[in-house]
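Comments concern the structure below.
Computation of the quantities below employed the complete heavy-atom set of this structure, encompassing side-chain atoms and omitting hydrogens, waters and symmetry-equivalent molecules. By convention in this document, chain letters (A, B, ...) are assigned in the order of the sequence lines, proteins followed by strands, and residues within each chain are numbered from 1.
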Protein chains: 2
Amino acid sequence: MTEEPGRRERKKAATRRHIADTAREMFLERGFDAVGIREIAAAADVAVTTLFSHFPSKEALAFDEGQKREDRLVQAVTGRAPEQSIPDALREHFRAVVEDFARPAAVIFWRLVDDSPALREYASTMWQRHEDALTAVIAAELGLPKSSTTCRAFSHYVLGVYPLARESPDPMAAVDEMFDLITPGWIEIDVSGFHGAARSAPQPYHGAESS
Amino acid sequence: MTEEPGRRERKKAATRRHIADTAREMFLERGFDAVGIREIAAAADVAVTTLFSHFPSKEALAFDEGQKREDRLVQAVTGRAPEQSIPDALREHFRAVVEDFARPAAVIFWRLVDDSPALREYASTMWQRHEDALTAVIAAELGLPKSSTTCRAFSHYVLGVYPLARESPDPMAAVDEMFDLITPGWIEIDVSGFHGAARSAPQPYHGAESS
DNA sequence: TGTGAAAAGCTAACGGTTAGCGTTATGGTT
DNA sequence: AACCATAACGCTAACCGTTAGCTTTTCACA
């Protein structure tokens, strides 16, 4: 898995990065909707089909790190410190995410997103995919079925922190406020493991299903 | 507002209904993705531009009652019985919604939705719009700013019931399970009004902002 | 060096959506 | 009763994201 990449894959990765960088520049300069796929391909000096073999959609060009974001979220749960509860691990994770949002580059990026309906929608469906991934890890950690209502309800609630933090004047406070609302009494039905002694379930989680 | 419509508007409404009915039939018969806009327009005997002057997108043809659904949701809060709390009113509302889902026509409709990625995505962004509307009513009812974190968190949690109920083997139980998790202790921060004596705030709500 | 496979390319199209512009019907006003 | 502003509808032609089909280049490995 973590072998040296080889010339071929290095070139592929380079092409991919080059396309994404070119697109990002153009988006930031002229706005997402004002830049066409054919233009991007021309500017990056690749064929349109090549572009689409690297990215599933135009929006994915802007949200290149979307998958990484999901992986980090899953990691926050599976790789949390022993004796740390899942809610606590998630709170910590989202505090870090929110700090990242404050970076100047991130601020500019999210302004770009806000200016384009297409990107806004893409972002919100992204949170939803994360929701599914989070549900799967938590269910696995607790030994529950993936379809568990409480797991899904919990994941859904937690992922709501993304839009909330983004639109709040004080994102860090919003994160804390949301997680403070998760009281030990909140999850009442047969899943005290949510808050109780952490990491009791030994089931390993084999990564999210990338599309 | 509720005057007699006049010939012009009656014709317009008739055209709209005719287009929607034609489209629905074709979708149910051949599937959403297998029917093209140009076909629908031809079958309804209107121009494509006319079709798009009535509906903002192809998906909106299938989800024609989306706006009504949102209105009913808002109504469930503003028009609830005196002394009924907001969570209780919403529980009642969603129990009714879930019952509606069990109607044979509804079952067929939702199968259609499940079979098309485009419609699935449209549905989930629809819940999100409802989320904004619900946040606005609740904030208005409680005299809070629309951007209140707790209001948004609460609305977000509640709207999660839609996908949850749809994918649950026992939707009614899922609804109850979700609302049972909303304990009086859940909303702790300065908003005990969520569960407390209902309808104390007299602010009228002037309907959702239709696009 | 040869070979199979992955990566990249080209052309052409498909399907949703919109712009531009013209025509007709309707409702309200003088 | 004549009139005008405007809403509703229509036609044509395109734009834009995306994909299929097929050829060419590049690399890994024998």
Pairs under 3.5 Å (N/O, protein and nucleotides 4-6 of chain D):
from	atom 1	to	atom 2	distance (Å)
D:dT6	O2	B:Arg8	NH2	3.2

Please check this pair: side chain of [X] against backbone of [Y], looking for a donor-acceptor N/O pair closer than 3.5 Å.
X        : Y        : answer
A:Thr135 : A:Glu131 : yes
B:Ser168 : B:Ala165 : no
B:Ser148 : B:Pro145 : no

Checking [X] now: which residues fulfil side chain to side chain contact (heavy atoms under 4.5 Å, CB included) with it, not counting sequence neighbours?
X        : value
A:Glu167 : A:Pro163, B:Arg152
A:Ala173 : A:Asp170
A:Asp115 : A:Arg111
A:Arg95  : A:Arg91, A:Met172, A:Val175, A:Asp176

(request) Just grab all the ring-ring contact (aromatic ring centres under 6.0 Å, His included) pairs involving residues 90-109 of chain A, residues at least two apart or on different chains. (result) A:Phe63-A:Phe109, A:Phe94-A:Tyr162, A:Phe101-A:Trp110

(message) Show me the pairs that pass ring-ring contact (aromatic ring centres under 6.0 Å, His included) and involve residues 33-60 of chain B, at least two apart or across chains.
(response) none

When you measure from every atom of DNA chain C, which of [range] have a heavy atom less than 4.0 Å away?
range                       : value
residues 12-22 of chain B   : none
residues 109-129 of chain A : none
residues 48-55 of chain A   : A:Thr49, A:Thr50, A:His54

(message) Using side chain to side chain contact (heavy atoms under 4.5 Å, CB included), reason through A:Val35 and A:Glu29 one step at a time and then give a plain yes or no.
(response) CA-CA 9 Å; A:Val35 181; A:Glu29 217 164 295; over 6 Å; no

(message) From CG of B:Leu61 over to C1' of C:dG16, roughly how many Å is that when rounded to an integer?
(response) 11 Å

(message) From CD of B:Glu59 over to P of C:dG15, roughly how many Å is that when rounded to an integer?
(response) 15 Å

(message) Near DNA chain D, counting only heavy atoms under 4.0 Å, which residues of residues 30-47 of chain A show up?
(response) A:Val35, A:Gly36, A:Ile37, A:Arg38

(request) May I ask you to verify if any side-chain N or O of B:Lys11 is less than 4.0 angstrom from the OP1 or OP2 atom of C:dT26? (result) yes

(message) Check this one for me: any side-chain N or O of A:Lys58 less than 4.0 Å away from OP1 or OP2 of D:dC16?
(response) no

(request) Using the test side-chain hydrogen bond (donor to acceptor under 3.5 Å, both in side chains), find all partners of A:Arg120 that sit at least two apart in sequence or belong to another chain. (result) none

(message) Can you see whether A:Glu92 engages A:Gln84 through a side-chain donor-acceptor pair at a distance of less than 3.5 angstrom?
(response) yes

(message) For A:Glu70 versus A:Ala133, what's the shortest heavy-atom pair and its separation?
(response) OE2-CB, 3.4 Å

(request) Could you check if a side-chain atom of B:Leu73 sits within less than 4.5 angstrom of a side-chain atom of B:Leu159, using non-hydrogen atoms only? (result) yes

(message) Students often mix this up, so state it plainly: with edges at 30° and 60°, are the rings of B:Phe32 and B:Phe27 parallel, tilted or perpendicular?
(response) tilted

